[in-house]
Amino acid sequence: MKDNSYFIFGLNDRLYGISTAYVEEVFPLPEFVSIPEAPRKMIGVVNLRGEMIPVTDFNQSLGLQSSDYRLTDSVIVLRREKNKIGIIVNQVCEVLTIAPDEITTELAPHQTVTENGVIGGLTRHAGDILILSDPENWLSSIDSHTFNLVENYLTQEIPSSQLSEEILAKPAVFAPNATPEEREIFRERADSLKLPFESQDLTLVKSLTIIVLNHQLFGIDLGIVREFTEIQQVTPIPCCPPHIVGNMNLRGEIVTLVDIRPVLNLPLAAITPSSKALIVEVEEILAGVIVEDVRESMFLLNPLQIIAVTPDTNSINHEYLQGEAVYAEKIMSILDLGKVFLNGGLIVEQGM
């Protein structure tokens, strides 16, 4: 991601942003293991591929009251130096590039959130977004006691060979109002996160952005995604094929919007108020891809979960697919967007 890019998430009907430089990964809310005597804002720990990660309630960091945890909540894992910590959020939204001059350090009068060293600035984008432009203060305060507490608890005269089993055997105390069915899902999620380091090559984990085209799910390599944005006024380009939608002014930068659906054997569709532009960079090509929705801005996929495309059951042009995987109980096609741009005949020299 570029400098000044922020990972946007929702919590209690507010939108927040944190520099993508701190974001390690995101996953659906799992069951946690509680640690006695932990601070109130520390919900517990989760076994993430053999590493015990402390998880905090971000509401507490903001000086707000916690709410009931839901299946739709997520955990964002942040890294500061050698430490990782998870924060619970209600909704993962998008990644935005926000210039420093768009951020003010003065909170608006209607903002009632207590700063607590957390809020670094404020900007406007489809409503108010609190930008955590410098999370060093609150991450440092967590480091000073939380990580020591976790380390001390994990090293209590428990044989290292039994450490995870002993700890994970303790019941979770979070989500007291969850139904038995919801608790089972939380537990299954925790189990799926426990893959040990030696069981996979983590350097091969694919970071994807999940988008929707014609009601179908597609995963795109996060490395080529610069940001997501609302579609502003589009200026048509004369004498261009239908898949070249037009030009859009993105903070002074002219970006050509394209519709990749014809390359994938999907019908063209009109832009709707909910449509978004996925701004991507492929080699020296900067363009905007029209999508129906951004389902998840950062999703880590184990390569072992990728299966080969079966043309008989998938009408999408499999030449541009790297495989398929299960996502949210549906089949997601993994799209080689770089190949789409370089080999799919999308580029028109006069328009790009």
Open item on the list: Set out, in order, the CA-CA distance, both residues' side-chain angles and the distance that settles side chain to side chain contact (heavy atoms under 4.5 Å, CB included) for Arg189 and Leu29, then state yes or no.
Closed with: CA-CA 7 Å; Arg189 289 176 176 176; Leu29 183 69; 4.2 Å; yes
Open item on the list: Using side-chain hydrogen bond (donor to acceptor under 3.5 Å, both in side chains), reason through Tyr69 and Asp57 one step at a time and then give a plain yes or no.
Closed with: CA-CA 10 Å; Tyr69 300 127; Asp57 190 321; 2.7 Å; yes
Open item on the list: Apply side chain to side chain contact (heavy atoms under 4.5 Å, CB included) to residues Phe9 and Ile76 and explain how you reach the verdict.
Closed with: CA-CA 9 Å; Phe9 59 90; Ile76 303 176; 3.7 Å; yes
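Listed here is the closest heavy atom pair of Met248 and Ala277: CE-CB, 4.4 Å. When all heavy atoms are compared, the tightest approach of Asn214 to Ala269 is OD1-CB, 4.5 Å. Of all non-hydrogen atoms in Ile334 and Ala325, the two that sit nearest each other are CD1-CB, 4.4 Å. Closest approach of Leu278 and Val225 over heavy atoms only: CD1-CG1, 3.8 Å. When all heavy atoms are compared, the tightest approach of Val75 to Pro30 is CG2-CD, 3.9 Å. Here the closest heavy-atom approach between residue Val258 and residue Val245 is recorded as C-CG2, 4.3 Å.
For Asp73, the side chain to side chain donor-acceptor pair (under 3.5 Å) partners at least two apart in sequence or on another chain are Asn90. Every residue two or more places apart in sequence or in another chain that forms a side chain to side chain donor-acceptor pair (under 3.5 Å) with Asn12 is listed here: Asn59. Partners of Asp221 by side chain to side chain donor-acceptor pair (under 3.5 Å), not counting sequence neighbours: none found. For Ser274, the side-chain contact (heavy atoms from CB on, under 4.5 Å) partners two or more places apart in sequence, or in a different chain, are Thr272. With sequence neighbours left out, the side chain to side chain donor-acceptor pair (under 3.5 Å) criterion links Tyr327 to Glu296. With sequence neighbours excluded, the residues forming a salt bridge (charged side-chain N to carboxylate O under 4.0 Å, His left out) with Asp259 are Arg261, listed by chain and number.
With a 4.5 Å cut-off on side-chain heavy atoms, Val77 and Phe27 count as touching. The shortest distance between side-chain heavy atoms of Phe299 and Ser207 does not fall below 4.5 Å. Ile254 has its side chain within reach of Asn249: a pair of non-hydrogen atoms, C-beta onward, lies under 4.5 Å apart. In this structure, Ile210 and Met332 have side chains that are in contact, with non-hydrogen atoms separated by less than 4.5 Å.
Thr235 and Asn247 share no donor-acceptor pair across their side chains, judged by distance under 3.5 Å alone.
Between atom NZ of residue Lys276 and atom CD of residue Glu292 there is a gap of 12.5 Å, rounded to the nearest 0.5 Å. We find the CD-CZ distance between Gln216 and Phe218 to be 5.0 Å, quoted to the nearest 0.5 Å.
In summary, Arg226 and Glu253 engage in a salt bridge, as defined by a charged side-chain N under 4.0 Å from a carboxylate O. Taking the charged nitrogens against the carboxylate oxygens, Lys330 and Glu324 have no contact shorter than 4.0 Å, which rules out a salt bridge. Between Lys84 and Glu51 a salt bridge is recorded (basic side-chain N to carboxylate O distance below 4.0 Å).
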